[in-house]
Amino acid sequence: MARGKSLVVSFKSNHQYQGMLLPPDLSELVAQNHPVRVVSDILDKVDIGQLMQQYKPGGASNYHPRMLLKVLVFAYINNIYSSRKIEEALHQNINFMWLSGMSKPDHNTINRFRGQRLQKTLQPIFTQVVLLLCEEGVLSLKELYTDGTKIEANANRYTFVWGNSIKNNKAKMQQQLNELWQYAQSIAAAELDDDHDPSGFDKIASEKIEQTIATINEALKDKPIDKKIRQRLNYAKKNWPSALARYAEQENIMGDDRSSYSKTDEDATFMRMKEDHMKNGQLKPAYNLQISTNNQYIVNYSLHQNTTDTNTLQGHLNIFRRQYGKMPSNITADAGYGSEQNYEWLEKKRITAYVKYNHFDRDQHGNSRNKNPYRTDKLTYDQEKDKYICPSGKTMKNIGSHQHLTKAGFKQTITRYKAGKCNGCPLRSDCHGQKGNRIIEVNHNLNRLKRRAEKRLKTKRGIEKRKQRCHDTEPVFANIKHNHLFKRFMMRGLDKVSIEAGLLALAHNLRKKAA
């Protein structure tokens with residue numbers, strides 16, 4: 001046998017049950033460059049005065065809100081979103097133990113702090129963190145890159161209320177009530193009061209239905225009528241008033257800006273999601289999360305019930321102004337924000353907008369741009385004489401303007417132009433399919449704003465901005481949803497879900513800072 005070698009296998013000593021003379025220091029067990037220390041150091045610097053005001057004096061002692069805030073943010077950094085999972089981590093994870101000072105709040109305490117105490121207090125804390133990062137020079141508040149994504153709500157996918165369904169049901173009631181009234185008129189016209197004629201109702205309501213049905217029943221009381229008519233009257237009397245009352249309540253919950261909501265989370269709107277595992281275009285209850293980033297740091301976030309991004313921009317930037325006391329110098333966004341209302345608003349606020357309009361990308365390709373040479377925007381316009389020249393070289397005269405109100409309540413001025421004579425024109429079949437002479441509708445203000453946007457987007461700086469947006473904002477969403485697996489909110493209601501959005505944004509910034 002060779003010298004120095006042994007046939008006996010040796011093991012290191014196992015001291016599992018050996019007691020310690022002195023308890024270990026948790027700080028020594030946490031690495032100096034660990035992200036938990038970054039979270040603790042930065043959140044120690046922020047002012048939590050507003051959060052402290054959420055507590056009332058007297059009673060039993062409370063866990064310190066700064067400690068609970070640190071624990072929540074660090075949990076979101078580590079993809080732990082459930083209050084029960086956070087409670088478990090406080091008992092098992094050394095980093096959480098160090099952060100909480102060995103305190104062990106239960107899941108009810110954690111959830112109550114997150115859902116109640118942080119309302120209206122988290123966004124100022126987030127703003128302070130952004131300002132601290134800004135002072136370090138890692139981001140700028142002057143240049144924003146804005147985008148939105150839809151995140152599923154914590155709601156049942158099949159307990160829905162549709163605005164169009166309510167309108168259709170009310171229209172059917174109106175039609176059937178008219179038919180019953182006409183039937184009653186054919187039998188007992190003299191006994192009917194014209195004040196209850198449903199054809200004169202501006203909108204159908206519970207009281208009006210009750211009065212009309214009572215009038216019809218009174219007129220047909222002693223008359224021999226069809227059995228089916230009697231059944232329809234009884235059904236209408238029993239069910240329609242309560243149905244209309246329910247519809248009125250649902251419309252009140254839905255408001256004027258939405259077309260649907262979930263019964264299990266009434267603030268959630270049904271939206272078309274990119275995560276469509278059934279491949280059937282199913283709508284799901286969700287919220288529209290808007291963020292503005294700089295250097296892949298989130299500097300502003302807002303939550304909306306809109307299914308599209310178009311009507312979210314102004315509210316989103318107003319939150320930015322409220323938090324930082326100023327507007328950004330410029331903003332870059334995709335075509336989802338390129339509306340007349342947004343262009344005009346940004347122009348008034350003197351914010352340089354690198355915002356695409358809906359056909360910008362298509363117009364950059366020759367094949368798409370030249371696909372339809374007879375399109376309205378391809379026609380020659382004489383601004384001095386306010387007239388268009390049709391493809392055959394004839395004049396299209398101004399025949400008047402009208403106001404159009406968008407769903408968002410924005411007034412657009414639409415001007416109409418009419419060709420002089422299309423009959424016999426060899427280009428007519430390709431030019432248009434209207435009866436008579438061709439009429440076009442033009443929004444001159446929108447066209448002006450689009451020209452300015454196109455010119456700005458094609459500059460050297462505009463091209464740089466468009467490229468930067470792709471790898472500034474979109475990777476943030478990819479990181480949150482795919483790398484950190486946050487695809488569904490844990491809480492319900494717009495106020496509470498906004499807290500989760502703020503925790504996500506705060507966790508993302510601190511995670512990136514610690515990286």
Requested in this report: Over 60° means perpendicular and under 30° means parallel, so classify the ring planes of Y417 and Y381, tilted if in between.
Outcome: perpendicular
Requested in this report: Assign the ring pair F320 / Y324 to parallel, tilted or perpendicular, where the plane angle (0 to 90°) is split at 30° and 60°.
Outcome: tilted
Query - side chain to side chain donor-acceptor pair (under 3.5 Å), paired with K465, selected from T352, N330, T459 - result: N330
Query raised in the report: Any salt bridge between E347 and R448, counting N to O under 4.0 Å?
Result: yes
Query - Pairing of E340 and K450 as salt bridge, 4.0 angstrom limit - result: no
Query raised in the report: Under 6.0 Å between ring centres, would you say that holds for Y81 and Y76?
Result: yes
Query raised in the report: With no hydrogens and no angle check, do the side chains of R416 and H402 hold a donor and an acceptor under 3.5 Å apart?
Result: no
Query raised in the report: Between N437 and G420, is there a donor-acceptor pair closer than 3.5 Å when you use the side chain of the first and the backbone of the second?
Result: yes
**Report entry** Heavy-atom check, side chain of D147 versus side chain of Y337, under 4.5 Å
**Finding:** yes
Requested in this report: Taking atom types as modelled, find out whether E344 and N445 have a side-chain donor-acceptor pair closer than 3.5 angstrom.
Outcome: yes
Query raised in the report: Is the closest basic N to carboxylate O distance between K496 and E500 below 4.0 Å?
Result: no
Query raised in the report: Would you say T293's side chain and Q296's backbone share a donor-acceptor pair under 3.5 angstrom?
Result: no
Query - Distance flag, aromatic centroids of F160 and W162, threshold under 6.0 Å - result: yes
Query raised in the report: Is the shortest side-chain N to carboxylate O distance from R461 to E143 below 4.0 Å?
Result: yes
Requested in this report: Output yes when R375 and D363 qualify as a salt bridge under the 4.0 Å nitrogen-oxygen rule, no when they do not.
Outcome: yes
**Report entry** Expected output: side-chain N372 to main-chain Y374 donor-acceptor under 3.5 Å
**Finding:** yes
Report task. Establish, yes or no, whether the cationic atom of K512 lies under 6.0 Å from the six-membered ring centre of Y297 and within 45° of the ring axis. Result -> yes
Query raised in the report: Any luck finding a side-chain donor-acceptor pair between N423 and R428 under 3.5 Å?
Result: yes
Query raised in the report: Can you list every pair that meets salt bridge (charged side-chain N to carboxylate O under 4.0 Å, His left out) and has a residue in residues 302-325, with sequence neighbours left out?
Result: none
Query raised in the report: Do F486 and K481 have side chains that get closer than 4.5 Å, going by heavy atoms?
Result: no
